[in-house]
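For reference, the structure is listed below as structure tokens.
The model shown is predicted, which means the values in this text are computed figures rather than measured ones. Chain A is the first sequence line, chain B the second, and so forth, proteins listed ahead of strands; every chain is numbered from 1.
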Protein chains: 2
Amino acid sequence: MSNNQFRRGELYSVINGMASTAVARRLQKNFRNAGLEITIEQWSVLYHLWKQDCQSQQELCNRTFRDKPSITRLIDNLEKQKLVKRVASKEDRRINMVCLTDAARALQDVTIDLANQTMSEALTGVNKDEIETVKSVFQRVYDNLT
Amino acid sequence: MSNNQFRRGELYSVINGMASTAVARRLQKNFRNAGLEITIEQWSVLYHLWKQDCQSQQELCNRTFRDKPSITRLIDNLEKQKLVKRVASKEDRRINMVCLTDAARALQDVTIDLANQTMSEALTGVNKDEIETVKSVFQRVYDNLT
DNA sequence: TGAAATTAGTTGCATAACTAACTATATGTC
DNA sequence: GACATATAGTTAGTTATGCAACTAATTTCA
């Protein structure tokens with residue numbers, strides 16, 4: 001095995017463990033400290049609904065990079081907390097449109113502020129070019145594998 | 001909220017969802033296609049034991065960026081599959097040294113090859129400088145938050 | 001030396017992930 | 001129109017994660 005290849009295995013560990021876990025934990029902690037009961041996974045669904053309300057579960061799967069059972073259960077839990085409602089589509093009765101409640105709309109500004117603060121903290125000492133490189137690399141990695 | 005801040009929230013979604021999920025799924029699929037029954041999380045523990053055998057659970061926590069209960073259960077499952085053994089330390093009876101079995105040693109080459117192939121596939125079109133930038137950014141993000 | 005604090009690991013509980021198998025609705029084709 | 005196929009979503013079973021609370025062993029220090 002070449003040294004270069006071994007570094008790639010190592011890179012896998014780095015990408016999948018270190019930074020994303022640390023950011024996720026910090027954001028979750030910041031939500032909790034602010035008295036917010038939502039998980040970051042639930043937040044990531046709400047994030048896409050704030051950008052565009054009333055999406056089908058399949059659209060949320062595509063946008064959050066999750067599979068269908070994961071979205072089913074995230075929506076189950078969000079519905080229990082009265083943050084979203086499933087509304088049967090009239091055009092296609094297979095489809096549930098997932099729509100925000102007023103309670104969820106009230107969370108938008110405060111939670112996005114917390115996410116921005118968390119990311120600012122995480123990205124201290126990282127410049128814009130480096131951020132653009134990370135985004136671009138991740139986009140290519142995703143495209144290479146899907 | 002400034003436009004720049006909003007992009008940071010977006011970056012969070014990108015980092016935590018897109019690339020790492022895609023790589024993890026592909027690697028898991030490649031393991032399964034090769035008839036290997038281990039999960040990528042179990043593999044990541046084995047990876048550190050291949051680098052250095054017989055580490056305490058706490059050392060594995062630090063190296064894999066997982067908390068203690070996660071490691072306890074990963075080791076439980078690896079022990080069920082007879083890939084590791086817990087060996088009580090003689091110097092400090094609180095400590096379990098986690099050691100590889102022959103069965104686990106036999107998995108090293110084939111699984112690391114699969115990981116390298118998967119990463120090569122994922123990183124097609126990404127040059128060395130960009131990889132170094134990603135690693136460096138992730139290291140700083142981790143340091144900023146811990 | 002003996003009580004307090006620290007460290008290593010486990011257990012319980014909740015949420016989330018993936019796979020496979022399932023139901024129900026819609027579409028396409030003969 | 002009817003049967004095959006595809007699509008949207010759910011359910012079941014296993015693994016993994018995070019947090020809090022716990023036990024047991026070790027260290028600190030008064």
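Put simply, chain B comes within 4.0 Å of DNA chain C, heavy atom to any atom, from dT7(C) to dT19(C), going 5' to 3'.
Rounded to an integer number of Å, the gap from CZ of Arg25(B) to C1' of dT15(D) is 15 Å. Atom CD of Glu59(A) and atom C1' of dG9(D) are 14 Å apart (whole Å). Atom C1' of nucleotide dA8(D) and atom CD1 of Ile95(A) are separated by 7 Å, given to the nearest angstrom. In this structure, Leu145(B) atom CG and dG18(D) atom P are separated by 14 Å, rounded to whole Å. The separation between Gln58(B) atom CD and dA25(D) atom C1' is 15 Å, rounded to whole Å. Protein atom CZ of Arg66(B) is 13 Å distant from nucleotide atom C1' of dG18(D), rounded to whole Å. Put simply, CG on Leu27(A) is 14 Å from P on dG18(D), counting in whole angstrom units. Atom CZ of Phe31(A) and atom C1' of dC19(D) are 17 Å apart (whole Å).
Between Gln57(A) and dT7(D) there is no side-chain polar atom (N or O) within less than 4.0 angstrom of OP1 or OP2. An OP1 or OP2 oxygen of dT10(D) is reached within less than 4.0 angstrom by a side-chain nitrogen or oxygen of Thr72(A). Side-chain nitrogen and oxygen atoms of Thr21(A) include none within less than 4.0 Å of the OP1 or OP2 phosphate oxygen of dT17(D).
Using a 4.0 Å cutoff on non-hydrogen atoms, the parts of residues 77-91 of chain A near DNA chain D are Arg86(A), ordered by number.
Heavy-atom distances to DNA chain C give each of Thr39(A) and Arg32(B) a nearest nucleotide, and the one nearer the 5′ end belongs to Thr39(A). Take the nearest nucleotide of DNA chain D for Arg93(B) and for Lys68(A): the residue whose nucleotide is more 5' is Lys68(A). Position along DNA chain D of the nearest nucleotide to Asp92(A) versus Lys29(A) favours Asp92(A) as the more 5'-ward residue.
Relative ring orientation between Phe65(A) and Tyr142(A) is described as perpendicular, the plane-to-plane angle rising above 60° on a 0-90° scale split at 30° and 60°.
Nearest heavy atoms, Ile71(A) versus Cys61(A): CG1-SG, 3.6 Å. Considering all non-hydrogen atoms of both residues, Leu60(A) and Leu49(A) come closest at CD2-CD2, 4.1 Å.
Note on Ile71(B): nothing from the nucleic acid sits closer than 4.0 angstrom, heavy atoms only. Across all strands shown, Gln28(B) has no heavy atoms under 4.0 Å from either base or sugar-phosphate atoms. Residue contacts for Asp67(A): at a heavy-atom cut-off of 4.0 Å it reaches a base atom on one of the strands shown.
Classification of Glu79(B) and Lys85(B) as a salt-bridged pair fails, no side-chain N sitting under 4.0 Å from a carboxylate O. Taking a cutoff of 4.0 Å between a charged side-chain nitrogen and a carboxylate oxygen, Arg105(A) and Asp102(A) qualify as a salt bridge.
By the 4.5 Å heavy-atom criterion applied to side chains, Asn127(A) and Glu130(A) are counted as neighbours. With a 4.5 Å cut-off on side-chain heavy atoms, Thr64(B) and His48(B) count as touching.
Ranking dG9(D), dA24(D), dG18(D) by closeness to the Ser56(A) side chain, first place goes to dG9(D).
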Could you walk me through whether Asp76(A) and Arg86(A) pass salt bridge (Lys or Arg N to Asp or Glu O under 4.0 Å), step by step? CA-CA 9 Å; Asp76(A) 287 347; Arg86(A) 284 179 168 96; 3.0 Å; yes

Any chance you could lay out the side chain to side chain contact (heavy atoms under 4.5 Å, CB included) test for Val126(B) and Ile131(B), step after step, and finish with the verdict? CA-CA 7 Å; Val126(B) 179; Ile131(B) 293 174; 3.8 Å; yes

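Remark: the Ser89(B) side chain and the Asp92(B) side chain contain no N/O donor-acceptor pair separated by less than 3.5 Å.
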